[in-house]
Amino acid sequence: MNRHVYLDNNATTPLDPDVLAAFSDALARFGNPSSMHGFGREAASLVSDARAEAAAILGAEPGEITCTSGGTESNNTVLASFAPGIPATDGVILPPPGRDEIIVSAIEHPAILETAFALRDRFGMTVHLAPVDATGRIDLAAFERLVNDKTALVSVMLANNEIGTIQDLTAISAIAHKAGAFVHTDAVQAVGKIPVDVTTLGVDYLSASGHKIHGPKGIGILWMRRGVPFAPLMHGGHQEQGRRAGTVNAPAIAALGTACRIAREQLATEARRLAGLRDRLRAGIEERISDTSINGNPDFCLPNTLNMSFRAAEGESTLLYLDLENIAVSTGSACASGSLEPSHVLLACGRSAELAHGSIRFSLGRTTSDEDIEYVLDKLPPIMARIRSMSTLR
Ligand SMILES: *Cc1c(COP(=O)(O)O)cnc(C)c1O
């Protein structure tokens, strides 16, 4: 038996075969969508269909969608639009004056946290980290105390990539808007896994990414409400309604559109299927392995994500032993400059460094089958027994 089990879908997802077909078909149509001749119009029509699909999965209008190089660029574009001193040139909508504070959650992806810290270091903006409870949910009372008449922007992710916790963006938006602040959500992990509707969420900006929804890497979505503060990150041509310069990546956008359509069509059935598999995985592990604990929120969690800490078992060891059995997972630590740093997400949830080091993230996806889960439940217990028998942490 030569089974390969990929349970790292929150890092990236396999390209859907139908997306690949759309991608390669569009690659052959080489026209520049900005050209007025037939070659250009052919490419432009692929882009406009894809933009409509990207809008549909968010409950938005196609004209509100800007295509970027990914979630990271979308996040950077929004936060940088609130930097002080931007000249009021063409296409720029300036933020209200006198507001130089940004609030982000303590468990944001580095694409938000590091961007916020760069704005602090370059422009002297103040960055507040909104704390979360033990399950990763924003403490709304503590958040409300951070919001004031100097708050320019609040950026809170809709769902966390490590533990899957889903935030109450509707409540967060209401609190921020009452104080005159704008609201962004990094919805990279939420889109395609749970229903996302920009009107219900009440946000002003939203980021999403192609490769987290079985599309290609290097393509993403920035949705924004009309008239909100904005400054382009990329300068040059007038592509994307002047919001993002650079020759339009028509093939990747066409692929992204197909990925959005499939994700939207399958969302309800896939969410149910994946939650069932995820719950089976959790129950199976808890039956067979002692001293485990769940990270995240059982009631507000992505259907595909299971994050567990295994006492006295370094996550890196577990990952490597699972890899020998062709099972791909990820850990709650990141190798930063040669040393293992415990996950900032798990630390923000109040986990000890030791439990954070012992955490494993299983993230399921469209290719995950019942057999995959049974295979993991077969392989993991003896691996854990072996690691623990050698562990000095015990
Ligand atoms: C993957 C990810 C990103 C980055 O998206 P890219 O398209 O890879 O730049 C941002 N935020 C979250 C929550 C992510 O999971």
Side-chain angles (χ1 to χ4, degrees), residues 6-15 19 23 54 57-58 65-80 104-118 129-130 132 136-138 155-167 169 172 184-194 196 201 203 205-223 233-234 244 246 249 252-253 255-257 259-260 263 295-296 300-307 328-332 334 343-346 348-349 361-365:
Y6 185 74
L7 297 182
D8 202 12
N9 285 272
N10 288 8
T12 196
T13 53
L15 206 56
V19 173
F23 197 12
I57 202 171
L58 304 176
I65 302 286
T66 304
C67 294
T68 67
S69 69
T72 301
E73 184 187 324
S74 297
N75 288 347
N76 271 264
T77 305
V78 175
L79 267 62
V104 303
S105 86
I107 62 167
E108 292 299 305
H109 188 275
I112 288 292
L113 281 178
E114 295 301 322
T115 309
F117 295 149
L129 296 184
V132 295
R137 290 268 279 184
I138 295 266
S155 182
V156 172
M157 67 202 321
L158 185 48
N160 182 267
N161 44 305
E162 293 187 29
I163 55 177
T165 300
I166 298 166
Q167 304 295 344
L169 254 302
I172 289 165
H184 167 252
T185 189
D186 175 344
V188 168
Q189 291 292 343
V191 169
K193 297 183 185 128
I194 57 170
V196 173
L201 295 174
V203 296
Y205 309 83
L206 178 147
S207 303
S209 173
H211 75 100
K212 303 287 173 79
I213 58 167
H214 302 274
K217 293 165 186 62
I219 195 72
I221 298 169
L222 168 56
W223 169 83
L233 199 63
M234 310 285 274
R244 203 264 182 188
N249 190 350
I253 295 172
L256 172 74
C260 287
N295 301 310
F300 301 97
C301 187
L302 290 175
N304 79 317
T305 304
L306 176 65
N307 189 311
V329 299
S330 72
T331 68
S343 147
H344 70 285
V345 174
L346 296 176
C349 295
R361 178 186 70 187
F362 305 90
S363 50
L364 288 58

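Both ligands and their constituent atoms are indexed starting at 1 by order of listing. Below, all heavy atoms of this structure are taken into account, side chains as well, without hydrogens, waters or symmetry copies. Along the sequence shown, residues are numbered consecutively beginning with 1.
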First locate atom [atom1] of [X], then atom [atom2] of [Y], and finally report the distance between them rounded to the nearest 0.5 Å.
X	Y	atom1	atom2	answer
N161	E108	CG	CD	9.0 Å
I172	S155	CD1	OG	10.5 Å
I166	I194	CD1	CD1	4.0 Å

So do Q189 and L302 actually touch side chain to side chain, heavy atoms under 4.5 Å?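 Yes - at least one pair of side-chain heavy atoms lies under 4.5 Å apart.
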
For T185, which of V156, V78, V203 qualifies under side chain to side chain contact (heavy atoms under 4.5 Å, CB included)?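 Between T185 and the candidates, side chain to side chain contact (heavy atoms under 4.5 Å, CB included) is satisfied uniquely by V203.
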
Please indicate whether any nitrogen or oxygen in [X] is less than 3.5 Å from any nitrogen or oxygen in ligand 1.
X	answer
H211	yes
G71	yes
Q189	yes
D186	yes

With heavy-atom distances below 4.0 Å as the criterion, list the atoms of ligand 1 near [X].
X	result
G70	7 (O)
N161	13 (C), 15 (O)
M157	13 (C)

Quick one: nearest non-hydrogen protein atom to atom 7 (O) of ligand 1, plus distance?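 The protein heavy atom lying closest is S209 OG, 2.6 Å.
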
Could you tell me the residue and atom name of the protein heavy atom closest to atom 12 (C) of ligand 1, and the distance to it rounded to 0.1 Å?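 Result: H109 CD2, 3.4 Å.
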
Which one of K217, K212, E108 has a non-hydrogen atom at the shortest distance from atom 14 (C) of ligand 1?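 Among K217, K212, E108, the closest heavy atom to atom 14 (C) of ligand 1 belongs to K212.
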
Which of these, N75, D186, T68, sits in a side chain to side chain donor-acceptor pair (under 3.5 Å) with S207?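 Single pass found, and it is N75.
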
Taking 4.0 Å as the limit for heavy-atom contacts, which would you say applies to T72 with ligand 1: side chain only, backbone only, both, or neither?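 Both backbone and side chain of T72 come within 4.0 Å of ligand 1.
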
Tell me the closest heavy-atom pair linking T12 and Y6, and the distance in Å.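 Looks like O-OH, 2.7 Å.
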
What are the two closest heavy atoms between I138 and S105, and how far apart are they?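 Heavy atoms only, the tightest pair is CD1-CB, 3.5 Å.
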
